[in-house]
Amino acid sequence: MAGSCQPPRRRQGQAAHRHPPAGATIPRRMLDQLTAPVLGAIAAHLGTDPAALRPLLAPPAKGFAADIALPCFQPAKGAGKPPPALAAELAGVVNAAGLGATATAAGPFLNLSFAPAATAAALATPLAAAPAALRSGAGAGRRACIDFSSPNIAKHLAFHHIRSTMLGNSLARMYTAAGWSVTRINFLGDWGTAFGRLISGWTREGLTLDQLQAAPDQVTFLNELYVRASQAAKADPALEEDARRWSKKLEDGDAEARHLWQVFKDASLSEFKRVYGLLGVDFDSWKGEAYYEDKMGPVLAELEAKGLTSIDQGATIVDLPKLCGKAFKIPALLKRADGGTLYATRDLAASDDRFADFAFDRSLYVVDLGQSLHFQQWFAIAKLLGRPWAERVRHVGFGIVLMWNDEPGEGLEPGWAKGRTRNGKIMLLREVLEEAIERADAIIREKNPELPDAERAKVARAVGVGAVVFNDLKNGRTNDVKFKFEDALRFDGETGPYLQYAHARLCSIERKAGAAAVGDPALLAREDEKQVLLAIARLTAVLDRAVEADEPSILAQGLLTLAGAVSVWLSAGNKDHGARVLGDDAALTAARLILVRAARIHLAEGLRLLGLDAPERM
RNA sequence: GCACUCCUAGCUCAGCUGGAUAGAGCGCUGCCCUCCGAAGGCAGAGGUCGAUGGUUCGAAUCCAUCGGAGUGCGCCA
């Protein structure tokens, strides 16, 4: 018993969830198709299993002109030879086999180079097949619940909400692409003492529905009401008592309280959906905290019946240090001294509900790292309860948003700070997106004046929003995101617009080419063409890694590599007209159009998986 | 005090299960548009990977200790 509910130490938690993919029907690693013959020859020579060699393959070090390298340390141990000798021996074996691959021994490493034509012959046609672009069967037959965004009613979607919202959205899309069946859940903060204050303030000020609806922004209207009400309550204990009474009435199902609660919720949701629409985000479930209000009693009763709870200073707690050992320093709080329930109980009830509805194999909570302790606590309680899903839940944490502050005040250095902008205002997500769209519009107007107004408006939305979203996803999620308006809304360098631009160039070439001819991939003999092909071929493995680590940034980095290879290839045509896709040689053009298509569909799909649009012109 | 996340180039960050001479973007210095889209490409300068020990044939990567930054720690979520 002891230790069974311990929180995962460091990264062990991830490994515990890993298990072999069920029913992988789609070819998972395109690159394997290329390396298989060579690996087979080496394995036959050594008398081992090719599958044992495959995980050893690694990218070659910079400066070695090779596509992939096999470090020979481990095989050498098996063969009883020094690694450099074995590498040399294997080089001879590969070169003699005539497989379209050149092998060079560099010390203990065996460097493998594939002839561009052989690479293209093996990979180009399958990679240009649209339905398979960025698909994997790794999650086939498995179900995932993803809990993300989760804003509070009567408050704005602040800029920092972009983190949970877009990480969750991207994870939902990536899991789906990897074969999982996904349910997207928005666990609304639609319950709590704040509503008592709101209703109290509303009735005290004698506000009406008409006044709310006439407000230019209903969430702002509610938010200001809340600020007035809580300030008034702070000054006057009678008002605080009134707020508490309304909270209780709401909990007891009082008709007037319930009605106002619904009004506040509807007003907030319509505003949220505007922003979600801008971001292209949607949900399958909007069940909020209120939904679970009458479902926590049974969970508490079960905890008590199993003797897991105790009373401390009037509050109901689970004494985790006692029950789970010294991994926990403090108990988890389930119920306030005044009888009110706390959110650990609500999360337990909600997870039971989700497991009953969806029978998930994995359940993700995309919530900032500041709540790590809370997740460790209720995950541990789930184990104590013996819940079958207790090993299937994951807290997908992320770092906070820091703003640049160059006037921090007396005696403070300019620097990165949490929270507000320099004028002390909360930055709203909608305002950031709108400014990004405006900036994108101005740039497109300058760079591509021929684009019709109507199309430019749509493209500006895709580019502006894409810049902000990609800025949030391109780096590891546990990092804090540093946001500076001027930097985040620039469109050069490693940005969303860079990826979209590479995609638009490819679309432009296809447009000019007209109907796609069926070319012979073996004509793709250039080194830069091979690099594009390899970058695409690696993406299925990249997707699998991104899903297992719950890390959209892994996919983002893979797409940057692909877009870079595409840009190098297409730019080569600026100087060398023989390198162009659209040239005099019809057969060569037809072959290169296969590669254009493969790169285009992978960039478009990759961008979609991150939550960005891929316009055909920009 | 305890726990968690982190420390790689002037700045912002990559670096897959430990692998060869640690990479990219921004900024800086030079180039490349009579246009397949320059929102791009090429070249250059710039790093004892926070420190010290340890494991290993091999460590930015794993372990320990120390230093620094941020976040959290019973009646908010």
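These numbers come from the heavy atoms of this one structure, side chains and all, not from hydrogens, waters or symmetry mates. In the text below, chain A, chain B and the rest are named by the order of the sequence lines, each starting its count at 1.
Annotated as syn: G74(B), whose O4'-C1'-N torsion sits within 90° of 0. With its glycosidic angle more than 90° from 0, C42(B) adopts the anti conformation.
Using C1' as the reference atom, A59(B) and A64(B) are 15 Å apart when rounded to the nearest Å. The same atom, C1', is picked in G44(B) and in A24(B); the two are 16 Å apart, to the nearest Å. Distance noted for atom P between C6(B) and C13(B): 13 Å (whole Å). Annotation: G41(B) and G37(B) have their P atoms spaced 16 Å apart (nearest Å). If you take atom C1' in A9(B) and the same atom in G50(B), they sit 15 Å apart, rounded to whole Å. When the C1' atom is used for both C63(B) and U71(B), the distance is 25 Å, rounded to whole Å. The same atom, C1', is picked in G18(B) and in G54(B); the two are 15 Å apart, to the nearest Å. Remark: the separation of the C1' atoms in U55(B) and U61(B) is 14 Å, to the nearest Å.
Nearest-nucleotide mapping onto RNA chain B: of W191(A) and P71(A), the residue sitting toward the 5' end is P71(A). Toward the 5′ end of RNA chain B lies the nearest nucleotide of A106(A), the other residue of the pair A504(A) and A106(A) mapping further downstream.
Distances shown here put every side-chain N or O of R490(A) at or beyond 4.0 Å from the OP1 or OP2 atom of A39(B). At least one side-chain nitrogen or oxygen of K447(A) sits closer than 4.0 Å to the OP1 or OP2 atom of A39(B). Remark: T478(A) is in phosphate contact with C6(B), judged by side-chain N or O atoms under 4.0 Å from OP1 or OP2. Proximity of Y343(A) to the phosphate of A77(B): no side-chain N or O atom is located under 4.0 Å from OP1 or OP2.
Here R244(A) pairs with E241(A) under the side chain to side chain donor-acceptor pair (under 3.5 Å) rule; sequence neighbours left out. Evaluation of the side chain to side chain donor-acceptor pair (under 3.5 Å) rule for T165(A) yields S149(A) as partners, not counting sequence neighbours. Partners of D480(A) according to the salt bridge (Lys or Arg N to Asp or Glu O under 4.0 Å) rule, which considers only residues two or more places apart in sequence or in another chain, do not exist here. The side chain to side chain donor-acceptor pair (under 3.5 Å) test applied to Q231(A) returns no partner, not counting sequence neighbours. Residues passing the side chain to side chain donor-acceptor pair (under 3.5 Å) test with R461(A): none are found, sequence neighbours excluded.
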Donor-acceptor pairs are to be reported for all side-chain atoms of residues 74-86 of chain A against protein atoms at under 3.5 Å, with residues two or more places apart or in another chain.
from: K81(A); atom 1: NZ; to: E89(A); atom 2: OE1; distance (Å): 2.9
from: K81(A); atom 1: NZ; to: E89(A); atom 2: OE2; distance (Å): 3.2

Q. Do L473(A) and S553(A) pass the side chain to side chain contact (heavy atoms under 4.5 Å, CB included) test, and can you show the C-alpha distance, the side-chain angles, and the key distance before you say yes or no?
A. CA-CA 5 Å; L473(A) 297 182; S553(A) 69; over 6 Å; no

Given side chain to side chain contact (heavy atoms under 4.5 Å, CB included), test Y501(A) with S567(A) step by step and report yes or no. CA-CA 9 Å; Y501(A) 181 73; S567(A) 293; 5.8 Å; no

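At a threshold of 4.0 angstrom between heavy atoms, the contacts of I509(A) include nucleobase atoms, whether or not backbone atoms are also involved. At the heavy-atom level, N111(A) lies under 4.0 Å from base atoms of the strands shown. When heavy atoms are screened at a 4.0 angstrom cut-off, R346(A) is found touching the sugar-phosphate backbone but no base atom. Counting any heavy atom pair closer than 4.0 Å across all strands shown, P60(A) reaches a base atom. Contacts of G192(A) with the nucleic acid, taken as non-hydrogen atoms under 4.0 Å apart, are absent. Nucleic acid contact class of Q500(A) (heavy atoms, under 4.0 Å, all strands): none. Within 4.0 Å (heavy atoms only), I444(A) reaches at least one base atom of the nucleic acid. Within 4.0 Å (heavy atoms only), A69(A) reaches at least one base atom of the nucleic acid. Here L334(A) lies out of heavy-atom contact (under 4.0 Å) with every strand.
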Can you give me the N/O atom pairs linking the protein to nucleotides 41-45 of chain B at distances under 3.5 Å, or say none if there are none?
from: G41(B); atom 1: OP1; to: Y498(A); atom 2: OH; distance (Å): 2.8
from: G41(B); atom 1: O4'; to: S571(A); atom 2: OG; distance (Å): 3.2

What nitrogen or oxygen pairs link the protein and nucleotides 10-16 of chain B at under 3.5 Å?
from: C13(B); atom 1: OP1; to: K482(A); atom 2: NZ; distance (Å): 2.8
from: C13(B); atom 1: OP2; to: K482(A); atom 2: NZ; distance (Å): 3.1
from: C13(B); atom 1: O3'; to: N475(A); atom 2: ND2; distance (Å): 3.2
from: C13(B); atom 1: O3'; to: N479(A); atom 2: ND2; distance (Å): 3.2
from: C13(B); atom 1: O2'; to: N475(A); atom 2: ND2; distance (Å): 2.3
from: A14(B); atom 1: OP1; to: G476(A); atom 2: N; distance (Å): 2.7
from: A14(B); atom 1: OP1; to: N479(A); atom 2: ND2; distance (Å): 2.5
from: A14(B); atom 1: O2'; to: Q557(A); atom 2: OE1; distance (Å): 3.3
from: C16(B); atom 1: O4'; to: R545(A); atom 2: NH1; distance (Å): 3.1
from: C16(B); atom 1: O2'; to: R545(A); atom 2: NE; distance (Å): 3.4

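Nucleotide C36(B) holds its C1' atom 16 Å from the CZ atom of R617(A), rounded to whole Å. Nucleotide C2(B) holds its P atom 15 Å from the CD1 atom of I330(A), rounded to whole Å. Put simply, NE2 on H395(A) is 13 Å from C1' on A77(B), counting in whole angstrom units.
From L543(A), atom CG reaches atom CE of M174(A) across 7.0 Å, with rounding to the nearest 0.5 Å. The CG atom of L112(A) lies 7.0 Å from the CG atom of L70(A); values are rounded to the nearest 0.5 Å.
Annotation: proximity of residues 466-473 of chain A to RNA chain B (heavy atom, distance under 4.0 Å) is found for no residue.
A salt bridge links E240(A) to R197(A): one of the charged nitrogens lies within less than 4.0 Å of a carboxylate oxygen.
Among residue pairs with one or both ends in residues 505-515 of chain A, those qualifying as side-chain hydrogen bond (donor to acceptor under 3.5 Å, both in side chains) are E510(A)-R600(A); sequence neighbours excluded.
Aromatic stacking of F109(A) on A20(B): satisfied, with centres closer than 5.5 Å and planes within an angle under 30 degrees.
The six-membered or imidazole ring of Y365(A) lies near that of W378(A), with a centre-to-centre distance under 6.0 Å. Taking the ring centroids of Y343(A) and H374(A), they lie under the 6.0 Å cut-off.
Side-chain contact between R592(A) and R526(A): present, with at least one pair of heavy atoms (C-beta onward) separated by less than 4.5 Å.
Taking a pair as Watson-Crick or G-U wobble with both distances under 3.5 Å, RNA chain B forms stems of 3 or more consecutive pairs at B:1-7 with B:67-73, B:10-13 with B:23-26, B:28-32 with B:40-44, B:50-54 with B:62-66.
Side-chain contact, S136(A) with D544(A): a donor N or O sits under 3.5 Å from an acceptor N or O.
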5' to 3', nucleotides 28-34 of chain B under a 4.0 Å protein heavy-atom cut-off (B base, S sugar-phosphate only, - none) gives ----S--

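Other residues, nucleotides and ligands contribute more than 12 heavy atoms inside 6.0 Å of the CG atom of D576(A).
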